[in-house]
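Accompanying notes for the structure given below.
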Amino acid sequence: MFGAPLRAHTGEPGRKSMSRYNVRENEDRWRAVWAERRTFAVTEDPAKPKYYVLEMFPYPSGRLHVGHVRNYTMGDVLARYKRARGFNVLHPMGWDAFGLPAENAAIASKVHPAAWTYDNIAVMREQLRRMGIAYDWDREIATCHPEYYRHEQKMFLDFLEAGLAYRRESWVNWDPVENTVLANEQVIDGKGWRSGAPVERRRLSQWFFRITEFADDLLDAIKRLDRWPERVRLMQENWIGRSEGARFRFRLAGRPDDIEVYSTRPDTLFGASFVAVSPNHPLAEELARDNPALAAFVQECSRLGTSEAVIEAAEKLGFDTGLKAVHPFDPDWQVPVYVANFVLMEYGTGAIFGCPSGDQRDLDFARKYDLPVIPVVLPPEGDAATFAIGEEAYTGDGTLYNSRFLDGLPVETAKRRAIEELERLGAGAGEVQFRLRDWGVSRQRYWGCPIPVIHCTDCGIVPVPESDLPVRLPDDVTFDRPGNPLDHHPTWKHVACPSCGKPARRETDTFDTFVESSWYFLRFCSARDSGAFDRKAVDYWMPVDQYIGGVEHAVLHLLYSRFFMRALSRCGYVDMGEPFAGLFTQGMVCHETYRDPEGGWLFPEEVRRSDGGAVVTVEGGRPVTVGRSEKMSKSRKNVVGLEAIVEGYGADTARLFLLSDSPPERDLEWTDGGAEGVWRFINRVWRLVTEPETALPPVGAPRPDPLDPAADAALRLVHKTIQAVTEDLEGFRFNKAVARIRELVNGLADLPASAAGAGWVLRQGCEAAAQLLAPMTPHLAEALWQELGRDTLLVDTAWPEADAALLVDDVVTLAVQVNGKLRATLDIARDSARDVVEAAALTLPAVIRATEGKPARKVVVVPNRIVNVVV
RNA sequence: CAGGGUGUAGCUCAAGGGUAGAGCACUCGAUUUAGGAUCGAGUGGUUGAGGGUUCGAAUCCCUCCUCCCUUGCCA
């Protein structure tokens with residue numbers, strides 16, 4: 001069955017040979033067996049409970065290092081464990097294959113993005129395969145494949161029809177040298193990352209997904225994501241950022257129009273000292289036309305870029321328009337109107353009123369431009385006569401004062417009262433706002449999914465007919481000049497309008513790559529379906545039971561996926577809201593960093609420890625500065641290659657180490673010593689099974705009776721370990737599970753060969769060890785299983801069950817304290833009566849010595865745990 | 001300044017009121033021509049600091065400190 005004859009192993013006590021686990025041979029062999037038997041290929045099976053394990057799929061950037069594979073290992077442990085527990089487990093893998101690095105590689109080394117991407121995929125697939133991860137490779141997908149993105153194009157057309165996709169102008173970071181749009185991360189100090197040219201803000205027509213349509217539901221449903229980490233839920237809540245306030249108008253003195261503002265603090269209206277509009281506000285643009293100084297100011301603001309972080313950090317600057325706004329509650333009260341750089345057109349109405357006493361930014365602004373600061377909220381313990389605002393605004397709770405009809409009201413009541421008044425005056429109304437904005441999906445890039453629309457001068461925007469999908473990317477593109485290659489292409493964008501037949505132009509924007517990752521988990525359910533996915537398969541497998549990935553995707557990817565499920569539901573594709581029932585965010589893998597005397601980074605293999613203990617370079621022995629341990633990254637060169645570990649110690653060693661040292665949610669420190677330690681442990685287990693101290697009875701031999709107490713204790717250890725490891729795996733405590741198994745192996749190794757029943761207990765222990773290790777070190781475990789004389793595959797064997805009767809000991813060891821200090825221990829039958837325990841404790845020589853003959857004032861007995869004698 | 005996390009052996013982590021443990025590292029011994037591997041034994045702790053509750057605190061409460069992360073600073 002397995003290519004090599006199975007050999008029943010009986011053990012040969014006294015055998016002196018010291019075999020070493022042949023890692024290469026075993027790992028290759030068992031992987032081949034699983035592959036040949038298609039062990040991990042699954043189909044829908046209504047008779048079995050399903051379990052969908054998914055790790056966030058990678059961008060095929062080149063090759064993997066050990067830092068990349070921690071989450072795949074965790075997912076694999078879960079997949080293999082659940083499989084052993086009888087679940088029908090879907091565990092797929094694919095490639096998030098569109099994206100900018102492929103285009104950068106094309107520019108840098110003249111290789112086509114597709115070739116570069118597929119080459120990387122081939123390398124990385126082989127790397128994952130050699131890690132022995134139990135994927136159903138039949139379901140592998142690459143998002144850059146037309147058979148993937150054609151369905152995305154169809155979804156877009158349906159979204160368009162449903163009003164969930166639309167086009168409007170928005171601001172982008174424009175690199176005037178590269179003639180291209182930059183992502184916020186590509187803007188460094190206001191300059192393009194590649195060209196170094198100052199970035200401009202430009203208005204460009206862009207495609208958007210109407211994620212705000214579901215803002216309330218996306219926020220509400222977070223409460224029910226009870227298997228998500230609390231902090232991710234919090235981050236999403238903050239990102240959606242619901243706020244309750246009022247939208248209302250300030251009339252402009254001497255003009256027919258007015259300014260609409262949004263505020264969450266209408267209660268502080270009597271503290272208003274200015275109105276400010278965004279530099280992109282229509283009013284600012286109108287005034288700038290006749291006012292060169294204002295135009296220059298607006299221009300200056302646009303240089304800042306669109307990143308929120310940059311805007312936040314910048315100094316608050318304003319430009320007095322000379323206009324006056326009339327206070328909504330008092331026609332005789334006017335405040336100046338400014339154009340201010342910290343007011344964003346994209347949020348609220350693009351205009352605010354400033355209450356310096358109640359908002360730090362407004363206060364900074366007021367101090368800079370010498371505007372009045374009127375306190376209107378008195379803190380609970382404050383004194384109206386003396387309370388004053390210094391350099392810090394008061395944003396806390398309190399009672400309104402200096403506020404006419406709002407005086408004496410608590411903040412919350414005053415808000416409602418102010419809104420009522422605004423509504424009564426016809427000046428405005430209460431409104432709920434969200435920080436969440438619609439998702440801009442247009443990218444002026446080649447290596448992405450083409451947006452399937454055609455621009456016709458007569459018909460406007462015309463969807464590409466479904467029968468013409470997919471709109472394929474052209475292969476013959478060049479990257480020798482700046483800008484979007486699709487736009488430069490001589491023929492690709494010229495098409496006949498599907499509606500009127502006249503010459504028209506294809507959309508040359510492509511999708512943000514977050515679009516592909518927003519539904520790939522659905523495609524995995526039926527990866528070769530001619531449609532986007534098979535509804536029955538999706539209904540069977542979804543939602544993902546356990547999703548595993550980095551916390552860096554806590555907001556965008558996860559929120560976009562949640563949006564996609566809702567949008568697809570509305571368009572009739574599916575009928576469910578949440579894609580990921582459980583989420584786990586794993587910690588990073590870290591490693592020391594090394595620098596040479598010039599400050600250049602060094603790879604770990606370029607340094608060594610000299611005889612004196614100093615760290616020096618391998619070449620030339622120059623002194624090396626050892627930096628702190630940081631997340632493994634190519635830029636700092638603190639990476640450990642996967643090949644190096646797998647060739648030397650094998651995939652199981654890498655896997656076990658990635659699981660063992662730290663709790664999975666925390667960062668893991670990769671050390672050579674730790675990897676060697678794991679390798680020694682693997683060999684220790686191998687020897688325990690292949691060269692046992694005591695001959696093992698054959699498979700299924702009856703339990704000998706009686707068992708020696710040492711054998712009995714070892715058997716209890718076996719069952720306690722099964723119980724504990726099971727609980728640890730269920731609770732994602734992989735490091736504890738590993739520690740338990742190590743203790744089991746130590747315990748079994750200590751079992752004296754002479755003890756009655758030792759061989760039988762040792763077999764129980766070795767079989768349990770193999771089974772418990774199987775999710776973590778699957779190749780080793782399969783080899784052990786065979787060495788133990790089994791003729792079935794361990795991977796097809798059910799998870800072991802602990803015998804409840806063996807989980808408690810008959811004899812317990814009590815700690816005996818005198819005045820809280822440990823003086824002795826006492827072995828006694830479990831659940832002995834209190835007075836029996838007390839009497840036994842008081843007669844212990846160590847206790848008599850410690851009490852110096854004084855009578856016990858009190859004896860505390862905690863059953864089966866401790867006795868404390870108080871004198 | 002805020003919010004969250006963290007602090008236990010040299011290192012990475014257990015123990016969540018009841019005997020402070022594991023792995024790695026280190027020391028010594030055995031084995032070996034030697035090294036490595038292996039086996040055995042051992043060193044190593046005022047549980048970040050201080051105070052409180054308790055018969056008993058790493059664990060519960062209060063104060064302070066360290067480092068890390070998320071950023072809040074979106075009206």
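Worth knowing before you read on, the calculation uses all heavy atoms, side chains too, and leaves out hydrogens, waters and symmetry mates. Just so we're on the same page: letters track the sequence lines, and every chain starts at 1. All figures in this text were calculated on a predicted structure; none of them were measured in a lab.
- Counting heavy atoms from C-beta on, the side chains of A:L363 and A:S357 never come closer than 4.5 Å.
- Nearest nucleotide to the side chain of A:R687, out of B:G72, B:G56, B:U38: B:U38.
- Note on A:R680: every side-chain N or O is 4.0 Å or more away from OP1 and OP2 of B:G23.
- Residues from residues 657-670 of chain A that place a heavy atom under 4.0 Å from any atom of RNA chain B, listed by number: A:D661, A:S662, A:P663, A:R666, A:D667.
- Side-chain proximity of A:S263 to the nucleotides B:C39, B:G18, B:A75 is greatest for B:A75.
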Exercise. Could you walk me through whether A:F657 and A:W670 pass ring pair (Phe, Tyr, Trp, His ring centres under 6.0 Å), step by step?
Key: CA-CA 8 Å; A:F657 184 47; A:W670 181 280; 4.7 Å; yes
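- Closest to the A:R742 side chain, of the nucleotides B:G23, B:A14, B:A75, is B:G23.
- For A:N819 and B:U54, the CG to C1' distance is 13 Å, given to the nearest whole Å.
- B:U8 and B:G48 have their P atoms separated by 6 Å, given to the nearest Å.
- Separation of the A:F353 and A:F274 ring centroids does not fall under the 6.0 Å cut-off.
- In terms of position on RNA chain B, the residue among A:N746 and A:G820 whose nearest nucleotide sits closer to the 5' end is A:N746.
- Considering CZ of A:F434 and CG of A:D216, their distance stands at 4.0 Å, rounded to 0.5 Å.
- What separates CZ of A:R740 from P of B:C13 is a distance of 18 Å, to the nearest Å.
- Atom CG in A:L748 sits about 14 Å away from atom P in B:C39, given to the nearest Å.
- You'll find the ring centres of A:F342 and A:F365 inside the 6.0 Å limit.
- Taking the six-membered ring where tryptophan is involved, the planes of A:W686 and A:Y21 are tilted, since the angle between them lies from 30° to 60°.
- The heavy-atom pair separating A:F681 from A:R742 by the smallest distance is CB-NH2, 3.5 Å.
- Results of the side chain to side chain contact (heavy atoms under 4.5 Å, CB included) test with A:W239 over A:L556, A:L218, A:L558 single out A:L556 as the only residue that passes.
- Within the 4.0 angstrom heavy-atom criterion, base atoms lie near A:N868.
- In this structure, of B:U19, B:C39, B:U70, it is B:U70 that holds the atom nearest to the side chain of A:M235.
- Rounded to the nearest Å, the gap between the P atom of B:G23 and that of B:U38 is 14 Å.
- The CG atom of A:L344 sits 11 Å away from the P atom of B:C73 (whole-angstrom rounding).
- A:R70 approaches A:S662 most closely through the heavy-atom pair NH2-O, 3.8 Å.
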Quiz item: In dot-bracket notation, what is the pairing pattern of RNA chain B, taking Watson-Crick (N1-N3 plus N6-O4 or O6-N4) and G-U wobble (N1-O2 and O6-N3) contacts under 3.5 Å, with [ ] crossing and | for other strands?
Solution: ..(((.(..((((....[..)))).(((((.......))))).....(((((..]....)))))).)))......
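- Checked against the 6.0 Å centroid criterion, the rings of A:Y369 and A:Y338 qualify as a close aromatic pair.
- Of the two residues near RNA chain B, A:D362 and A:V870, the one whose nearest nucleotide lies more 5' is A:V870.
- Listed in residue order, the members of residues 826-843 of chain A having a heavy atom less than 4.0 Å from RNA chain B come to none.
- Closest contact between the side chain of A:V862 and the listed nucleotides B:C55, B:A75, B:G18 involves B:G18.
- Proximity note for A:K736 (side chain, C-beta onward) versus B:A75, B:C13, B:A15: the nearest is B:A15.
- Within the 4.0 angstrom heavy-atom criterion, no nucleotide atom of any strand lies near A:N238.
- Taking atom CG of A:N735 as the reference point, atom P of B:G23 lies 15 Å away to the nearest angstrom.
- B:G51 and B:G5 have their P atoms separated by 26 Å, given to the nearest Å.
- Nucleotides B:C69 and B:G7 are separated by 15 Å at their C1' atoms, to the nearest Å.
- One finds no side-chain N or O of A:T813 lying less than 4.0 angstrom from the OP1 or OP2 phosphate oxygen of B:U19.
- Separation of the P atoms belonging to B:C65 and B:G50 is 15 Å when rounded to the nearest angstrom.
- For the atom pair CD (A:Q723) and CD (A:E727), the distance works out to 4.5 Å, reported to the nearest 0.5 Å.
- Comparing the P positions of B:A9 and B:C64 gives an interatomic distance of 25 Å, to the nearest angstrom.
- A:S273 approaches A:P336 most closely through the heavy-atom pair O-CD, 3.5 Å.
- Rounded to a whole Å, the CG atom of A:D750 is 8 Å from the P atom of B:A41.
- Rounded to the nearest Å, the gap between the C1' atom of B:U6 and that of B:G52 is 24 Å.
- Between A:F329 and A:F270, a ring centre-to-centre spacing shorter than 6.0 Å is recorded.
- Rounded to whole Å, the distance from NE2 on A:H281 to C1' on B:A75 is 13 Å.
- B:C11 and B:A2: their P atoms are spaced 29 Å apart (whole Å).
- The residue from A:V738, A:I741, A:L773 that alone fulfils the side chain to side chain contact (heavy atoms under 4.5 Å, CB included) condition with A:V725 is A:I741.
- Nucleotide B:A14 holds its P atom 21 Å from the NZ atom of A:K720, rounded to whole Å.
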